[in-house]
2 protein chains.
Amino acid sequence: MKLQQLRYIWEVAHHDLNVSATAQSLFTSQPGISKQIRLLEDELDIEIFTRSGKHLTNVTPAGEAIIKLSGEILGQVANIKRIAQEYNKEERGELRIACTAQLNRDTLPGLIARFSVAYPEVVLSLYEGTPSEIEGWLIDGEVDLAISNEDIGFTPDVVRIPCASWQRALLLPKGHPLTEIEVVTLKALSEYPLITYSFDAPRGSDLTKAFKKQGHEANIVFTATDAQVIGNYVEQGIGIGIITAMPVEVANHGTLEVISLKSLLPACMTYICASKKLFLRTYMYAFIELTAPHLTQGVVERVFAKRGKAQIENSLMTAEINVQ
Amino acid sequence: MKLQQLRYIWEVAHHDLNVSATAQSLFTSQPGISKQIRLLEDELDIEIFTRSGKHLTNVTPAGEAIIKLSGEILGQVANIKRIAQEYNKEERGELRIACTAQLNRDTLPGLIARFSVAYPEVVLSLYEGTPSEIEGWLIDGEVDLAISNEDIGFTPDVVRIPCASWQRALLLPKGHPLTEIEVVTLKALSEYPLITYSFDAPRGSDLTKAFKKQGHEANIVFTATDAQVIGNYVEQGIGIGIITAMPVEVANHGTLEVISLKSLLPACMTYICASKKLFLRTYMYAFIELTAPHLTQGVVERVFAKRGKAQIENSLMTAEINVQ
DNA sequence: CCCCATTACGTAGCACGTAACAATG
DNA sequence: CATTGTTACGTGCTACGTAATGGGG
């Protein structure tokens, strides 16, 4: 059994069982992969993939389990490399970050700018996806850190640390009826078409959940990835916007009005997540600390040392800083 | 990076940094290992071992971390092989069991006899050691299952399942003063020299703890590995014996008397343990079930699926059967 | 002076690439 | 017929073993 063989079966399984495509992405030849997989199957005396003629059609149950373990092994091999680099005081390294579209526009650019000044030799890769996709990438070890503002990190092997919370706000055209009301209610909001962020959280957006909880239905007619776009459509009269009160300003000052929904909707939490098995390099701790100043290396190390997610949440909710 | 290189550094670290001895135990040449370690160190650009002249003298901090990860990787590789054999419906396999001396004499022979009738093709290895040693073997993956009657399994990655509890009993020469007393107390026991099992539990024997709890001191003058030997020395008048009321009979019927200590000392619990990361083959489940009939594959699977030791203890203490 | 790790060197094996082949849709 | 996996084959690398070398205790 060779590490490459494990890598090959893992990669093929993650390339829709297409060996040719896998070979291309690994910059090697297709027969090489084919042969190594065959050799591994011979050695283990088991079929990992089912074949129909000249096509890989499926993964056997045994293959399923073996590919999963292979993924963990490859992750630990990557950790060994990280450890070596870290003790070697290498400034170089790699940092793969996943985030949602919203954060990608509003929050990350600033973070990344500051990070890459401090660590110019770290190669940054940024992946944008839905919370579900992000969670999958974390589990598969395809990204190192993830930042999300919807619920994420329910898998036991993913550590989730709350790093900031944002109040929501209502974005209205000037003179809209709701600007006249003293106290805006969910019931009132449910009577207007809403524009908010695109989401695809594995357990549903907490916005829709908040409406449901009071027996109303959020009538979301349009979603966009960032506040600016939402503002534009509010201006067009498509609906009223619900955004997070992020530090970035919406440019449409003249024609729009912002009303805080602090008492009406739950705060929107931003989480930073990583696989519990990841060996964290110094620059990774540094990046986490950039997202929230109280998340020092010591704090994060303690979170990772703990088992059981409940403990983690408790220990951090108290330390959490509420950024408005 | 090759799997063999990881194996080599792990084995060398577990052979007192003696490369020659490691080579012998792996049936390979010493220069081969030496070279591969060097190659790995070159590739990672880091020292794993410190050398003074021609001797390996120490493990570097980085080496420490890398060797630990290597151990986990090798364990998962072993799991892949187990998975392959299992799905291949192989009857063959390997089962390495660790146990304490006491269980090795009194309990295991019967278990193993029954097991090897059911699974004649499984190669059994039995390792006898102190609870501390046993725990180390489990963590290092040098044994698959462990059975211990002292406290063990405090490491987070070790699953501990109670499988039987035994009452303790007093072994006295006929006509001994204690046979006249209606109710034996710890205070009374503390006034006689005691003979009991050898132990080396990581947190101390629960026998001595029981005495301490009531402010007395157990005056243990002699320890032996099994009840038979203890009986012989009780017969010699060296002291009075404290044994577990195991199903095996002490042969010295004529000259000795047995008094139950059920109400005086806590029951002695026997645990079966395994690394949480171990892939359990069918015959391993079968062996566990032999130790306690209520530990069916389904029950054990559920225990392994859970995280956090607290949950495990709770779920099982209730299901536990009290064998007298 | 013994033990031990490293260096030197030769060989057998194997991973990988190119090219031809076969099967699927 | 285009795409994809397998077989065939040649080559260059490398893991491993034997033998020789050198450093410590």
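By convention in this document, chain letters (A, B, ...) are assigned in the order of the sequence lines, proteins followed by strands, and residues within each chain are numbered from 1.
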Which residue lies more 5' along DNA chain D, comparing A:Q30 with B:S52 via nearest heavy atoms: A:Q30

Upstream residue (5' side of DNA chain D) when B:P31 and B:L39 are each assigned their closest nucleotide: B:L39

Rounded to 10 degrees, the angle between the two terminal axes of the helix from C:dC1-D:dG25 to C:dG25-D:dC1, each from five pairs: 40°

Touch check for [X], heavy atoms < 4.0 angstrom, all strands: base, sugar-phosphate only, or nothing?
{"X": "A:S20", "result": "sugar-phosphate"}
{"X": "B:Q4", "result": "sugar-phosphate"}
{"X": "A:F49", "result": "nothing"}
{"X": "B:I33", "result": "nothing"}

A:R82 to A:F279, cation-pi by 6.0 Å centre distance and 45° axis angle: no

Basic-acidic side-chain contact under 4.0 Å: [X], [Y]:
{"X": "A:E41", "Y": "A:R51", "answer": "yes"}
{"X": "B:D144", "Y": "B:R96", "answer": "yes"}
{"X": "A:R38", "Y": "A:E43", "answer": "no"}
{"X": "A:K68", "Y": "A:E64", "answer": "no"}

Verdict with reasoning, A:E135 to A:T155, per side-chain hydrogen bond (donor to acceptor under 3.5 Å, both in side chains): CA-CA 8 Å; A:E135 184 136 17; A:T155 316; 2.8 Å; yes

Protein-nucleotide distance ([X], atom [atom1]; [N], atom [atom2]), rounded to Å:
{"X": "A:L56", "N": "D:dT3", "atom1": "CG", "atom2": "P", "answer": "18 Å"}
{"X": "B:Q24", "N": "D:dG17", "atom1": "CD", "atom2": "P", "answer": "13 Å"}
{"X": "B:F27", "N": "D:dC16", "atom1": "CZ", "atom2": "P", "answer": "16 Å"}
{"X": "B:N18", "N": "D:dG25", "atom1": "CG", "atom2": "P", "answer": "15 Å"}
{"X": "B:D42", "N": "D:dT14", "atom1": "CG", "atom2": "C1'", "answer": "15 Å"}
{"X": "A:L3", "N": "D:dT14", "atom1": "CG", "atom2": "C1'", "answer": "16 Å"}
{"X": "A:H55", "N": "D:dA2", "atom1": "NE2", "atom2": "P", "answer": "15 Å"}
{"X": "B:R38", "N": "D:dA15", "atom1": "CZ", "atom2": "C1'", "answer": "17 Å"}

Any donor-acceptor N or O pair under 3.5 Å, side chains A:Q85, A:R281: yes

5' to 3' contact window, DNA chain C with chain A (heavy-atom distance under 4.0 Å): C:dA15 to C:dT24

Heavy-atom neighbours of A:D42 CG exceed 12 at 6.0 Å: yes

Ring center gap for B:Y283 and B:F287 short of 6.0 angstrom: no

Chi angles and distances behind the side-chain hydrogen bond (donor to acceptor under 3.5 Å, both in side chains) call for B:E301, B:Q297: CA-CA 6 Å; B:E301 274 171 353; B:Q297 175 160 348; 3.0 Å; yes

Short side-chain N/O contact from B:Y8 to OP1 or OP2 of D:dA15, under 4.0 Å: no

